[in-house]
Number of protein chains: 2
Amino acid sequence: MQDCTHGDPLCQNADMDDRKSVEPPHPAQDVTEHVGYRLKRAAAALRGAMDKALREHGLTVPQYACLELLDQQPGLSNAELARGTFVTRQSMNVVLRGLQDAGLISRPATTDHGRALPAHLTAEGRGRLDAARSTVYDIERQMVEAVPQRRLAALLSDLDRMAAALGG
Amino acid sequence: MQDCTHGDPLCQNADMDDRKSVEPPHPAQDVTEHVGYRLKRAAAALRGAMDKALREHGLTVPQYACLELLDQQPGLSNAELARGTFVTRQSMNVVLRGLQDAGLISRPATTDHGRALPAHLTAEGRGRLDAARSTVYDIERQMVEAVPQRRLAALLSDLDRMAAALGG
DNA sequence: TTGCTAATGTCAGGACTTTGACATGCAGGA
DNA sequence: TCCTGCATGTCAAAGTCCTGACATTAGCAA
């Protein structure tokens, strides 16, 4: 059977089989067995890999996420981008200013209707995104290939279910 | 911004390698379809829920994770706790200092062998942990109950596989 | 012994993110 | 009309986290 896949000295339990048979409502005795811990671990691994890969392109993870969202849905506002990348409006505001200063996106100073300022990719921004996208997609492929293909859809669904259950 | 509701399992495409397949509304690749996006979303939801719940107990998420780890494995050092919570030694150092100032953990100023300083929960720290644990476990239960029980083990395994594939 | 490597704790600086707050603009009903 | 509620953009302050760097210590090999 599978052993402790996380290679740190923090997994000292030898009774994984017992726990699996008693998995219902009661939580496990070992935090490293908890769903939250695994989720955090996977997310941290993804974040770290993306961080390293994007640094070579002069982008941070939130910046890349912002560019990717703007590429698919041009004209998104600051608040919309914030919701799409799971950060606050204030954080996204900083990100947008950085991208704007770098000339990767453009935003009108004013608008004739409402307060939302639609952002758009510049030519340079699109180029930077295209360059960075390949490395990010490589990372994504590594993740996808690590899980059995027949379970991928279920995995995506379960991730969504968990997020929805927590009001994500 | 339109939200693509992927909560239903109908959103599964049989061929994983062909990313640009079905999905009537959006013909091309949609970032919200990517594993990384879903993972980030679920992790963000968990983080937010834990953040809100722990604030009532005067703890941050890293602080709680640190206490939980120390409860199960007393005597862990700063570096070991950092690895266990997926942050750097420096970040964990800050967390430990905060917990120490709050009187929730204790750490010797020196050691006779090596440099690692073993940390231990104080009585107050254990009490605070016990109080916070119930709310965190409630959140965890919400997550677990959102996914079909027969898929839970596979979900945990797949999360580990993805993390391992990225060198987590 | 001596030197090298790896791991640890710590400091400094910067980058990122959050909470809190305030002002602006639109849509609804009294 | 007014005005209340809601969403948005922005500023300020604090907290959090990271990268880079340095000194200390144990373990191992020549």
Handout entry: side-chain contact (heavy atoms from CB on, under 4.5 Å) involving Ala44(A) - partner list, sequence neighbours excluded
Key = Phe86(B)
Fill in the blank from the handout: With sequence neighbours left out, the residues meeting side-chain contact (heavy atoms from CB on, under 4.5 Å) with Pro118(A) are Pro108(A), His120(A)
Completion exercise
Sorted by chain and number, sequence neighbours left out, side-chain contact (heavy atoms from CB on, under 4.5 Å) with Ala146(B) holds for Arg161(A), Ala165(A)
Problem - Tyr137(A)/His34(B) aromatic ring centres below 6.0 Å - result: yes
Exercise for the section: Determine which pairs satisfy side-chain hydrogen bond (donor to acceptor under 3.5 Å, both in side chains) with at least one residue from residues 103-118 of chain B, sequence neighbours left out, and list them in order. Expected result: none
For nucleotides 25-29 of chain D, which of its nitrogen or oxygen atoms have a protein nitrogen or oxygen under 3.5 Å away, and what is each distance?
unit_1: dA26(D); atom_1: OP1; unit_2: Gly114(B); atom_2: N; d: 3.4

Handout entry: Of residues 42-56 of chain B, the positions that come close to DNA chain C - non-hydrogen atoms, cut-off under 4.0 Å
Key = Arg55(B)
Exercise for the section: Indicate whether OP1 or OP2 belonging to dT8(D) is found under 4.0 Å from a side-chain N or O atom of Ser77(A). Expected result: no
Problem - Span of DNA chain C in contact with chain A (heavy atoms, under 4.0 Å) - result: dC16(C) to dC26(C)
Problem - Within residues 90-102 of chain A: residues closer than 4.0 Å to DNA chain D (heavy atoms) - result: Gln90(A), Asn93(A), Arg97(A)
Problem - Those residues that, when tested against Asp130(A), pass side-chain hydrogen bond (donor to acceptor under 3.5 Å, both in side chains) (two or more places apart) - result: Arg133(A)
Fill in the blank from the handout: With sequence neighbours left out, the residues meeting salt bridge (Lys or Arg N to Asp or Glu O under 4.0 Å) with Asp138(A) are Arg141(A)
Completion exercise
Taking for Leu117(B) and for Arg89(A) the nucleotide of DNA chain C with the nearest heavy atom, the one nearer the 5' end belongs to Leu117(B)
Exercise for the section: Apply side-chain hydrogen bond (donor to acceptor under 3.5 Å, both in side chains) to Asn78(A) and list each qualifying residue two or more places apart in sequence or on a separate chain. Expected result: none
Practice task
Identify, with sequence neighbours excluded, every residue that meets side-chain hydrogen bond (donor to acceptor under 3.5 Å, both in side chains) alongside Ser77(A).
Solution key: Glu80(A)
